[in-house]
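Only one structure is covered here, and it is reproduced in the block below.
We number each residue from 1, following the sequence as shown. Heavy atoms only: backbone and side chains are in, while hydrogens, waters and symmetry mates are out.
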Amino acid sequence: MTPAIIAFVVLLFIGAPVAVVMAMSGLAGGFAMGGERMLGIIADRMFSGVSGFLLIAVPYFIFTAELMNQGGLTHKLIAFNNALFGRVRGSLSHVNISVSVFFAGLTGAAVTDTVAIGKIMIPEMKKQGYDAEYAAAVTACSSIIGPIIPPSVVMVVYATLLRDISVIDLFAGGIIPGLLMALALLGVSFFLAWKRNYPKQAPTPFKAAIIALLVALPAMVVPLIILGGILSGLTTITEASGFAAVYAIVIGVVFYRNLTWRKIWDALVTTVRFSGVVFFLLATSAVLGWFVTRSGIAREAASMITTFSDVAFVQLMLVCLLLLVIGTVMDVLPALVVIAPVLVPAMIQLGFDPLHFAILMIVVLNISNVTPPVGMTLMTAARIAEVPYERAIVASLPFYVSFLVVIVLLAAFPALSTWIPSLL
């Protein structure tokens with residue numbers, strides 16, 4: 001075990017890519033356990049880590065999200081949500097959050113949401129008198145709902161790493177936590193809008209609101225295609241993701257008529273690049289996961305958790321704190337593939353519900369996406385808003401506190417994560 005830990009720490013410290021860190025750590029540990037004969041097993045583990053049929057859905061989901069971005073869907077969703085909140089004080093702040101909820105059902109990626117929504121909403125909010133750092137903060141914090149409300153690339157990756165939970169249960173389990181996070185953000189947004197006297201817009205005429213709804217409706221059907229097909233049992237995850245990609249092309253070319261062959265090609269290029277990163281991470285995480293299983297690290301982790309407290313809720317809070325700390329230095333997917341093979345078996349051994357802990361882990365790691373110093377979504381939004389990262393961090397604190405409240409609620413009430421899956 002020692003060679004693997006040394007390799008992991010040294011490579012991570014010198015700034016090696018996370019995939020390389022996991023591969024070399026697993027290689028060092030495997031070689032220490034069985035010498036050269038383990039090398040063939042490690043190669044087999046890397047292949048099996050990316051050979052699952054379920055993983056075909058990953059590039060399809062990414063492709064669908066890119067098609068929606070290239071097709072200008074963001075403008076339609078913003079127009080519709082603006083019709084809902086236009087007359088309320090701080091309307092653009094609320095629209096920013098509600099658009100992210102709709103977008104979450106289309107993309108499933110936080111940074112994608114930040115870029116797509118931020119490039120439109122942040123300049124408009126600044127123009128209407130909102131603080132630039134506040135516009136960046138609300139955009140970044142609402143965007144992390146994307147990987148929690150299904151479909152979610154993170155959940156597909158989790159189901160591939162830990163095969164004791166189906167991706168259907170993960171999708172269903174993320175609905176209530178995602179909506180709960182949106183309500184928490186809206187609560188903070190309404191309070192700050194009232195306290196700071198943010199502007200409101202003129203009411204949208206009823207006819208214009210109906211037109212905005214009809215224009216956005218074809219795009220809003222995408223989540224129904226994905227979730228409806230999966231949860232009803234009519235399609236598999238992979239089939240639903242393929243149908244969604246085809247539907248996105250059809251509405252972009254035929255209905256909205258702004259999806260050109262060039263834009264489709266750009267979406268394909270982005271899909272290949274991002275999918276390559278995801279699959280490389282999965283291949284190398286399979287090596288590390290195999291070593292963790294063989295070495296008994298999970299049992300030691302479970303014993304370490306029990307030394308701090310025997311109370312289940314306290315144990316969950318300590319683990320959530322650990323995940324937030326890890327998330328400060330690593331992005332969501334790398335953190336997930338590194339820590340999940342160790343932590344999940346340990347928590348199951350302690351008696352926690354696998355689905356409850358899976359949803360809690362995904363929520364906490366995504367919240368770490370706005371936790372400095374890494375905080376990719378917050379950093380991206382700050383760049384779009386053209387404000388120092390430090391000012392965006394300060395502006396995000398009220399939203400961050402609301403997220404911490406959501407974490408406590410999810411840890412204290414497992415039914416928030418398990419109720420909808422239990423209905424299936």
Please lay out, stage by stage, how Tyr158 and Val344 fare under the test side chain to side chain contact (heavy atoms under 4.5 Å, CB included). CA-CA 11 Å; Tyr158 188 100; Val344 174; 3.2 Å; yes
Quiz: residues 398-415 side-chain donor-acceptor pairs under 3.5 angstrom, not counting sequence neighbours:
{"residue": "Tyr400", "atom": "OH", "partner": "Thr371", "partner atom": "OG1", "Å": "2.9"}
{"residue": "Ser402", "atom": "OG", "partner": "Phe399", "partner atom": "O", "Å": "2.5"}

Any side-chain heavy-atom pair of Met181 and Ile144 under 4.5 Å: yes
Take the angle between the ring planes of Trp194 and Phe191 and call it parallel below 30°, perpendicular above 60°, tilted in between. tilted
Closest approach of Ile359 and Gly174, non-hydrogen atoms and distance? CD1-N, 3.8 Å
What's the separation between atom CE in Met361 and atom CG in Leu322, rounded to the nearest 0.5 Å? 8.5 Å
Could you tell me whether the side chain of Thr270 reaches within less than 4.5 Å of the side chain of Phe63, counting heavy atoms only? no
Can you find a side-chain donor-acceptor pair between Tyr60 and Thr271 that sits under 3.5 Å? no
Rounded at 0.5 Å granularity, tell me how far CG in Leu234 sits from CD in Glu239. 10.0 Å
Distance in Å, Met155 CE paired with Ile148 CD1, rounded so as to fall on 0.5 Å steps: 7.0 Å
Step by step, work out the side chain to side chain contact (heavy atoms under 4.5 Å, CB included) result for Leu360 and Ser417. CA-CA 8 Å; Leu360 185 62; Ser417 305; 6.0 Å; no
Please answer whether the main-chain N or O of Ile384 pairs with a side-chain N or O of Lys119 as donor and acceptor at a distance below 3.5 Å. no
Mind checking salt bridge (Lys or Arg N to Asp or Glu O under 4.0 Å) for Glu124 and listing every partner two or more places apart, or none if nothing turns up? Lys127
Intermediate values then yes/no, side chain to side chain contact (heavy atoms under 4.5 Å, CB included), Leu268 and Glu66: CA-CA 8 Å; Leu268 283 169; Glu66 287 302 316; over 6 Å; no
Donor-acceptor contact present, side-chain Ser396 to main-chain Ala137, <3.5 Å: no
Report yes if some heavy atom in the side chain of Leu192 is under 4.5 Å from a heavy atom in the side chain of Ser93; otherwise report no. no
Using only atom types and a distance under 3.5 Å, with no angle test, would you say the side chain of Tyr247 pairs donor to acceptor with the backbone of Pro218? yes
Side chains of Arg196 and Tyr134: does their closest heavy-atom pair fall under 4.5 Å? yes
Can you give me the closest heavy-atom contact between Asp169 and Leu355, atom names plus distance? O-CD1, 3.7 Å
Please work out whether the ring planes of His94 and Phe190 are parallel, tilted or perpendicular, with thresholds of 30° and 60°. parallel
First locate atom CD1 of Ile145, then atom CD1 of Ile97, and finally report the distance between them rounded to the nearest 0.5 Å. 7.5 Å
Heavy atoms only: give me the nearest Leu185-Cys141 pair and the separation to one decimal. CD1-O, 3.6 Å
Is it the case that Ser143 and Thr377 place a side-chain donor and acceptor less than 3.5 Å from each other? no
State whether the side chain of Arg89 and the backbone N or O of Ala193 hold a donor-acceptor pair below 3.5 Å, judged by distance alone. no
Check whether any side-chain heavy atom of Ile122 sits under 4.5 Å from a side-chain heavy atom of Tyr130, and report yes or no. no
Report the distance from atom CD1 of Ile420 to atom CD1 of Ile175, rounding to the nearest 0.5 Å. 4.5 Å
Quick check: does any side chain N or O of Ser189 sit under 3.5 Å from a backbone N or O of Leu186, one acting as donor and the other as acceptor? no
Flag side-chain contact, heavy atom, 4.5 Å: Leu316 against Met347: yes
Point-to-point distance, once rounded to the nearest 0.5 Å, from CG of Asn96 to CE of Met125: 5.5 Å
State whether the side chain of Asp353 and the backbone N or O of His356 hold a donor-acceptor pair below 3.5 Å, judged by distance alone. yes
Would a distance-only check, ignoring hydrogens and angles, find a side-chain to backbone donor-acceptor pair under 3.5 Å from Asn366 to Ile362? yes
Within the distance-only criterion (no hydrogens, no angle test), does the side chain of Ser241 pair as donor or acceptor with the backbone N or O of Thr238 below 3.5 angstrom? yes
With heavy-atom distances below 4.5 Å as the criterion, would you say the side chains of Phe352 and Gln315 are in contact? yes
Around Glu386, counting heavy atoms of other residues, nucleotides and ligands shown, do more than 12 lie under 6.0 Å from its CD? no
Which heavy-atom pair separates Thr139 from Ala135 by the least distance, and what is that distance? OG1-O, 2.7 Å
Taking it one step at a time, do Ile348 and Phe357 satisfy side chain to side chain contact (heavy atoms under 4.5 Å, CB included)? CA-CA 9 Å; Ile348 293 175; Phe357 182 70; over 6 Å; no
Restricting to non-hydrogen atoms, name the atom on Leu67 and the atom on Ala245 that form the minimum distance, rounded to 0.1 Å. CD1-O, 3.6 Å
